[in-house]
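In this text the structure is predicted, and so the values were computed from the model without any measurement. Ligands are counted one by one from 1 in listed order, and the atoms in each one are counted from 1 as well. The analysis underlying the following values was restricted to heavy atoms, covering all of them including side chains, and did not include hydrogens, waters or symmetry mates.
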Amino acid sequence: MSVRVRFAPSPTGPLHIGGVRTALYNYLFAKQLGGTFILRIEDTDQGRFVPGAEQYIIEALSWCGIYFDEGVSIGGPYGPYRQSERKESYKPFAEQLVKDGHAYYAFDTAEELELRRTEEHKISKGMFQYDGKTRLTLRNSLTLSEEEVRTRLEKGEQYVIRIKMPENQEVRLTDLIRGEVVVNTTTLDDKVLFKSDGMPTYHLANVVDDHEMKITHVIRGEEWLPSAPLHVLLYRFLGWENVMPAFAHLPLLLKPDGNGKLSKRDGDRLGFPVFPLRWTDPVTGEVSSGYREAGYLPDAFINFLAFLGWNPGTEQEIFDIEDLIQSFSLERVNKAGAKFDLEKARWFNQHYLKTKDDIILGLLLRKQLDEAGIAWPAIEYVDHAAHLIKERIVLIGDLLPQSLFFFLDPVTFDAETIKKRWKPETAEIIENLRLVFESTDFSHSDELETAFKNYLETKNLGTAAVLSPLRLVVTGMGGGPGMFDIMHHIGKDATLRRMKHYKLDN
Ligand code: GLU
């Protein structure tokens, strides 16, 4: 039987990086086994629907290079893949459950239930639950006459269909990450499965769709583990237990400091994105930052995410998507939550930038130059500038500031270097050195270095005392790529001009 997995986000806002990781693990699992990866949009909770969220999810997955085989926007044999468009298919199952005695109609209003909750709290400090202990004291088809239920339904009165949770039964499931999970139904409540607006709740829709879409493995976040026994019961009551998918619940992503789930607030507080792409809230206009806009490469982001909860069991850390497809296994997904680590994310990005082809980095740099309105001489010139700085950048956005001096004479000069290295005699040294370079061939950086060293030797000067000021006047910076590589690249005219016309009084 071929593997079919799904990523089933609700379009309630931007996709959290924990969601991207869930999608990634599903994708890796499917691709390794030659299976099918499906994108299903779970939009049955109309109250939480956010315009633009679905588009955001699709764009985020595409940026990450996580491609789905079936799903919204591309279709497939089990569509539609948006639950609101499958609306009609859920009701018969809810009604079947009622008929078979596994579910019932409940007519209690929100106010009545709220009142009950308050009373319960007052009397016993207890929590009110709609369950085996309380259901016979409430307004539902178990307590009302058949006649009355029919009249209410015919009148179009508001209702919900609730599962009739069996009493004192053990529900077992084998989770591929957590092992055997056993839950006693006495701890579970009578969850709502269907509402009179014609929409199923997540629980019913999820089970029906996973069954109808022939899903073989449900790989999702740990927050759904408490719902899994309910889902197992639904499979059982609907007669599908023998073809029930396997379950794997992924560990939570934890905040970098302390305990608890990583939230947008942690990102804001500690200065890192928790979303793959920038998101502008359609109602408040609030902007949340994204990894793409922060200057991360998708392959670095994916490599980093894969390691939040999984490890290959070896020392190897660099895995491109193909490596991940080959090496990934659910057995090596940790049970414990994974702590988010920004430094590690930056480390991965730095690594991937360093190993990118010059022409790719050159392309990115040209885009930044164009956006900043800075002219560049030739494509090869930009590519080589990118080559010279690629060891030094952590984020894509570092390309321009780190390479500006290849394109413009510096107008500001690193204050720290001036303070430390600029002595009363330095200006004269720079001028003498300029005269030396005037008669040096710039076509090889080696020759520039030799000329420089000869000069130091004849004047009996130390390298540091001269190289830093030279770098300062030519690039404006206190550090950077090899100085003679820079001079060779910007050429004789620019080098000599900068050595003559610098103005250190920033
Ligand atoms: N719609 C659920 C979510 O937003 C999906 C949970 C599942 O994969 O079953 O996370």
Ranked by distance from atom 10 (O) of ligand 1, the top protein heavy atom is Trp224 NE1, 3.2 Å
Region of Phe7 engaging ligand 1 - heavy atom pairs below 4.0 Å: neither
Criterion side chain to side chain contact (heavy atoms under 4.5 Å, CB included) against Thr185, the qualifying member of Asp131, Leu230, Leu233: Leu233
Which is it for Arg6 and ligand 1 at heavy atoms under 4.0 Å: side chain, backbone, both or neither? side chain
With a 6.0 Å cut-off on ring centres, are Tyr25 and Trp310 close enough? no
Numbered atoms and elements of ligand 1 in range of Asn206, under 4.0 angstrom, heavy atoms: 7 (C), 9 (O)
With a 4.5 Å limit on heavy-atom distance, are the side chains of His249 and Arg220 in contact? yes
Please verify the inter-ring angle class for Phe348 with Phe307; under 30° counts as parallel, over 60° as perpendicular, anything in between as tilted. tilted
Pull out every atom of ligand 1 sitting under 4.0 Å from any heavy atom of Glu42, numbered as shown with elements. 1 (N), 2 (C), 5 (C)
Protein residue, atom and distance nearest to atom 4 (O) of ligand 1, heavy-atom basis: Ser10 OG, 3.2 Å
By number and element, which atoms of ligand 1 are closer than 4.0 Å to a non-hydrogen atom of Tyr202? 2 (C), 5 (C), 6 (C), 7 (C), 9 (O)
Aromatic rings Tyr202 and Trp224: how do their planes relate, parallel, tilted or perpendicular, breaks at 30° and 60°? tilted
Angle between ring planes, Tyr291 versus Phe304, binned at 30° and 60°: parallel, tilted or perpendicular? tilted
Say whether Ala8, considering both its backbone and side-chain N or O atoms, lies within less than 3.5 Å of an N or O atom on ligand 1. yes
